[in-house]
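Below is one structure; the comments refer to it alone.
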Amino acid sequence: MTTKRLVLVDGNSIAFRAFFAMHNVLDKFKTPEGLHTNAIYAFNSMLNLILNKANPTDMLVAFDAGKVTFRTKMYPQYKGDRPTTPDEFREQLPYIKELLTARGIKSYELANYEADDIIGTMATQAKQQGYEVVIVTGDHDLTQLADDRVTVALTVKGVSDLEFYTPESFKEEMDITPRQLIDLKGLMGDTSDHYPGVSKVGKITALKLLHQYGSIENLYANLGEMKPSRLKDHLIEDKDMAFLCKQLAEINCQAPVTIQLNELHYDGDQREQLIAFYRKLNFRSFLNQMDVPLDPHPAEARAKVDYQPLTVTALKELVQKQQPLSVVIEMLGADYHTEPIIGVAVGNEETILVADHDDILLDDFTKQWLADEQAVKYVFDLKCDLVTLNRYGILFKGATFDALLASYLVDVNDNTNDLGLIAQSYGYSNLLPDMEVYGKGAHVAVPPTERLQEHLANKVAALNYLQKSLPEALKKHDQDQLFDEIELPLSHVLAQMEIDGVKVDTNVLRTMQNDLSGRLAALEAAIYEKAGQKFNINSSKQLSEILFDKMGLKPLKKTKTGYSTSMEVLEKLRDQAPIVDDILNYRQVAKIQSTYVLGLLKAIAPDCRVHTRYLQTLTQTGRLSSVDPNLQNIPARDEGRDIRKAFVPQQAGWQLFSSDYSQIELRVLAHLSGDDNMQQAFREDYDIHAHTAMKIFNLHSVDEVTPNMRRKAKATNFGIVYGISDYGLAKNIGISRKEAAEFINSYFDQYPKVEEYMNEMVKKAREDGYVETIMHRRRYLPDIHARSFPVRSFAERTAMNTPIQGSAADIIKIAMINMEQQLKEQHLQARMLLQVHDELIFEAPQEEIEILAQLVPKVMDSAVTLDVPLKVESAAGRTWFEAKG
DNA sequence: CCGTTCACG
DNA sequence: ACGTACGTGAACGGA
């Protein structure tokens, strides 16, 4: 007989995490009666994951019974200062228990005990009976139960995945045994459970003590021998507290549970009950997984999408009805500059036409219709369609709705770019995700014609559906203007930039390649000689063996997998061994060669240009990103900067021209915060870093500012934009944390409204669940409620940074649209080629450069009106290298 | 397919 | 005390 596997789930912990994992869709997950269902939904997804990954024969979900437990009797403050759970969460708990019943899973709670204790008790009983046990929770405390028969699975990334802890993996991560976790918490306390441990003892000190003494008992037994110190005083003073906290941290494995192991058999769903439950809560996608319609009456169940062959005649007839039509141009891969089209579909609510080829795009009527601005179309990924149709000589016009762009704006967090998944999240569950139809990874292939056509017809139907629901969502977020006047027009601008491409001179790159490969060989030989052996210098693992094991250098930093050999570390080891210098040089040269010289050569199209793709629906802040190749990270400093000499205009007698915003993020901050001092600095066009230095170093004039002061002030300004912490600033400019904290204090003294702004953003994120930019670009921050300090802190910094970075992104996007308009109106030959976040690069005939030098800065600095002026700096030259100010 | 490293703003 | 700066993409090595 196979071993029994008991899965024990910490119900409250998983439910709570489920609630916040889908906090951003709180409004969308609501029954007509007003019951929120997001936590129930996410909890059920988690159940699917657990059942799938842990494959239980027996299962129990344990819940906390109430606030009063044996622990609060021992220590009244236990879990004392927890904020009350939101009503939207509490109302869902009874339904989660109902869901469990329908899924054939027992749930249980016990007065005076926490879910942890039920789990500990059942786990202990079960392993004595020879079960394997898996505990599922979001709470690290339960890892204390891990042993050879008990695995603890912790939720990661909300509730989307599980990480399994065995005693070995626990030991690897914490370097103590699971049981020692109790001692650890006894010493360091637990802020979220609100017990203190020993004063001034944190994780680092506590771990050190445990490595030395093993347990709290043994520590105190040997305390006499410890040298006198602050630490010792605290240990003596807080002895009772240490023992009490250890007791609080220890899970009770002898709780008086009234449930028996043999009641926990898991036998699968109670199908009828579960269907009724899903229907009650409108869980369409779960029903779909069971192949059951939302509507119980088959006659009214969803109709199969009907479609006809897409022919010119059929299209003409359809178009003459003069209705908006959804258009789908399908291809398998992402690179729409070259990827072949595998099908085309067009349609509205009544008629859908589908073809499994691109013949229709060769027809004149079709071309005319696609180019007709008056003929309204709905699409998914407009920029893709624009570039693809351009290959057929078609200037695609009339698209007023792009479902991909719209869903991105509504929630940038949800970074799926699959029409099926997006449609599903808006309640249309008829369309399969592309992956299920086309396969994934190496197995991507065109399916049989009928399946393909059905899929495309479904895409048209999904687009029709989304066109009705997404605009409402945009409106609700006050994002109409962002969509209609920024993102949609920007798609056209970006498409043109991608189509035009930028010319790269292969001769420049080949010459560099010759030089670099020679130097690389020399460095390689020098490194092997100094190491006394050959090895793969590109392997950080092998390199760390050479440096730290063989040569005995001191490792300064750890990574997940070993010792770090990053530049930061190597710079510090530079003086200790000559090999380190060679390695740093090797790394720099190898990077230039492989990523830039060879990488760029590979990306050059037959027209001698590189055509990047700007991803318009990816970043969390509203910036663009650039891929295949990435033209937004071409080296700008040091030796790598020479790469820019290969970027040249497409015609003789032309030049490259570049304009960039000066200090745009700080200017945006000055505007957003309304800080008078900072605004004045920009109005007077002071050197902002020197000005900041003067203020925070308490000087009377900028003349007293030394270069070093300016450097530190500059780093502080950066830190502020990133959502400052003393720790991060200290690390960055090499000062003590205390000094950094003083810096920040005097910074906030000088720019008081900046501090107010930072606090306000965090508060807004907590209250509204999101922050937004000047153009109402929105980012949800569910982690702002996280219990874990690092996770929560990250969300807080994001809350401070996103409106700044995102507003700057809004501004340059507006400038790009206006600029393209100006080039057209003024009949200039100049073309906009690249955008690098705060910089625009053009090419133009020599005689237009003077015009650009006037026009571009004017358009860029008037893109929006802020409370401070925007400043733009420009340069021109025969290559990108020369066109850099 | 993930982790490390390093390029950009 | 707890450990991090914000946002990206590509190459490479090693499971």
Side-chain angles (χ1 to χ4, degrees), chain A residues 187-192 196-207 234 412 440-441 536-544 557 559-570 584 587-588 590-596 598-600 602-603 612-615 618-638 640-641 643-644 660-661 664-665 715-716 718-733 737 740 779 788-794 796-806 808-809 812 834-839:
Chain A
L187 290 170
M188 68 183 271
D190 184 323
T191 34
S192 64
V198 178
S199 305
K200 304 288 174 198
V201 172
K203 191 170 173 184
I204 292 171
T205 317
L207 280 173
H234 288 305
V412 294
K440 66 170 171 177
N536 189 343
I537 310 171
N538 287 322
S539 160
S540 37
K541 187 166 173 257
Q542 293 181 34
L543 179 61
S544 103
K557 200 175 142 204
T559 64
K560 276 188 201 169
T561 52
Y563 295 129
S564 171
T565 65
S566 68
M567 217 162 63
E568 189 196 338
V569 172
L570 295 187
L584 281 166
R587 283 249 177 97
Q588 193 188 13
K591 174 85 178 180
I592 296 170
Q593 168 169 302
S594 70
T595 305
Y596 296 106
L598 298 176
L600 218 46
K602 267 183 255 165
T612 185
R613 276 157 37 230
Y614 289 104
L615 304 189
L618 180 133
T619 70
Q620 303 286 302
T621 55
R623 275 189 174 183
L624 301 174
S625 88
S626 158
V627 293
D628 294 337
N630 180 357
L631 296 181
Q632 290 182 320
N633 73 344
I634 301 299
R637 297 178 272 268
D638 303 328
R641 201 178 161 188
I643 292 287
R644 295 189 174 213
D660 67 280
Y661 283 113
I664 187 163
E665 292 193 342
T716 312
F718 269 94
I720 291 285
V721 169
Y722 294 155
I724 196 126
S725 76
D726 50 7
Y727 184 92
L729 181 64
K731 209 174 93 171
N732 195 287
I733 55 178
R737 218 170 102 183
R779 183 176 185 178
S788 141
F789 175 85
V791 174
R792 190 176 61 248
S793 306
F794 186 63
E796 288 171 359
R797 291 195 297 274
T798 311
M800 303 180 215
N801 172 265
T802 295
I804 302 173
Q805 190 181 119
I812 196 166
L834 299 170
Q835 187 251 45
V836 193
H837 310 308
D838 63 356
E839 181 187 9

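A, B, ... follow the sequence lines: proteins, then strands. Residue 1 opens every chain.
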ask   = Taking any atom under 4.0 angstrom from a heavy atom of chain A, which nucleotides of DNA chain C are the first and last to qualify, 5' to 3'?
value =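 First and last nucleotides in contact are dA1(C) to dG14(C).
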What contact category does [X] fall into here, base, sugar-phosphate, or nothing, at under 4.0 angstrom with non-hydrogen atoms?
X: Ala799(A); value: nothing
X: Thr798(A); value: sugar-phosphate
X: Ser594(A); value: sugar-phosphate
X: Leu618(A); value: sugar-phosphate
X: Leu598(A); value: nothing
X: Arg779(A); value: sugar-phosphate
X: Ser199(A); value: nothing
X: Gly719(A); value: base

ask   = Atom CG of Leu729(A) and atom OG1 of Thr716(A): how far apart are they, to the nearest 0.5 Å?
value =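 One finds 4.5 Å between CG of Leu729(A) and OG1 of Thr716(A).
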ask   = Is the number of heavy atoms from other residues, nucleotides or ligands under 6.0 Å of Phe718(A) CZ greater than 12?
value =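 12 or below, so no.
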ask   = Do Ser625(A) and Tyr614(A) have side-chain heavy atoms sitting under 4.5 Å apart?
value =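 Not in contact.
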Side-chain heavy-atom pair Thr619(A), Val412(A) within 4.5 angstrom cut-off =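 The answer is no, as the side chains (C-beta and beyond) never meet within the 4.5 Å cut-off.
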key: With Tyr722(A) via ring pair (Phe, Tyr, Trp, His ring centres under 6.0 Å) - residues at least two apart   =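 With neighbours one apart ignored, the set is empty.
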task = Name all residues meeting the side-chain hydrogen bond (donor to acceptor under 3.5 Å, both in side chains) criterion together with Gln632(A); count only those two or more places apart in sequence or in a different chain, and write none if there are none.
result =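 With neighbours one apart ignored, the set is Gln835(A).
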request  = Could you say whether Val201(A) or Arg797(A) is positioned toward the 5' end of DNA chain C, judged by the nucleotide with the nearest heavy atom to each?
outcome  =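 On the 5' side of the pair lies Val201(A).
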query = Of Ser626(A) and Ser539(A), whose nearest nucleotide on DNA chain C comes first from the 5' end?
reply =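 The 5'-side residue here is Ser626(A).
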inquiry  = For DNA chain C, please output the secondary structure as dot-bracket, reading 5' to 3'. Pairs are Watson-Crick or G-U wobble, both atom distances under 3.5 Å; mark crossing pairs with [ ], other-strand partners with |, unpaired with a dot.
reply    = .....|||||||||.
Distance, [atom1] atom - from [M] to [N], rounded to whole angstrom:
N: dA5(C); M: dT4(B); atom1: P; answer: 13 Å
N: dG3(B); M: dT4(C); atom1: P; answer: 15 Å
N: dC2(C); M: dA7(B); atom1: P; answer: 33 Å

Partners meeting side chain to side chain contact (heavy atoms under 4.5 Å, CB included) with Gln542(A) (sequence neighbours left out) =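 Partners of Gln542(A) by the side chain to side chain contact (heavy atoms under 4.5 Å, CB included) criterion, ordered by chain and then number, come out as Phe535(A), Asn536(A), Ser539(A).
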For the backbone of [Y] and the side chain of [X], can you confirm whether one donor and one acceptor N or O come within less than 3.5 Å of each other?
X: Arg613(A); Y: Asp628(A); result: no
X: Ser199(A); Y: His234(A); result: no
X: Asp726(A); Y: Ala740(A); result: no

query = Judged by modelled atom types alone, do Thr559(A) and Ser564(A) share a side-chain donor-acceptor pair under 3.5 Å?
reply =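 On atom types as modelled, these side chains do not qualify, holding no pair under 3.5 Å.
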query = Can you give one letter per nucleotide of nucleotides 2-9 of chain B, 5' to 3': B if a protein heavy atom sits under 4.0 Å from the base, S if only from the sugar-phosphate, - if neither?
reply = -SSSBBSB
message = Using the rule given for side-chain hydrogen bond (donor to acceptor under 3.5 Å, both in side chains), can you reason through Arg587(A) versus Thr565(A), listing the C-alpha separation, both sets of side-chain angles and the distance that settles it, and then say yes or no?
response = CA-CA 11 Å; Arg587(A) 283 249 177 97; Thr565(A) 65; 2.9 Å; yes
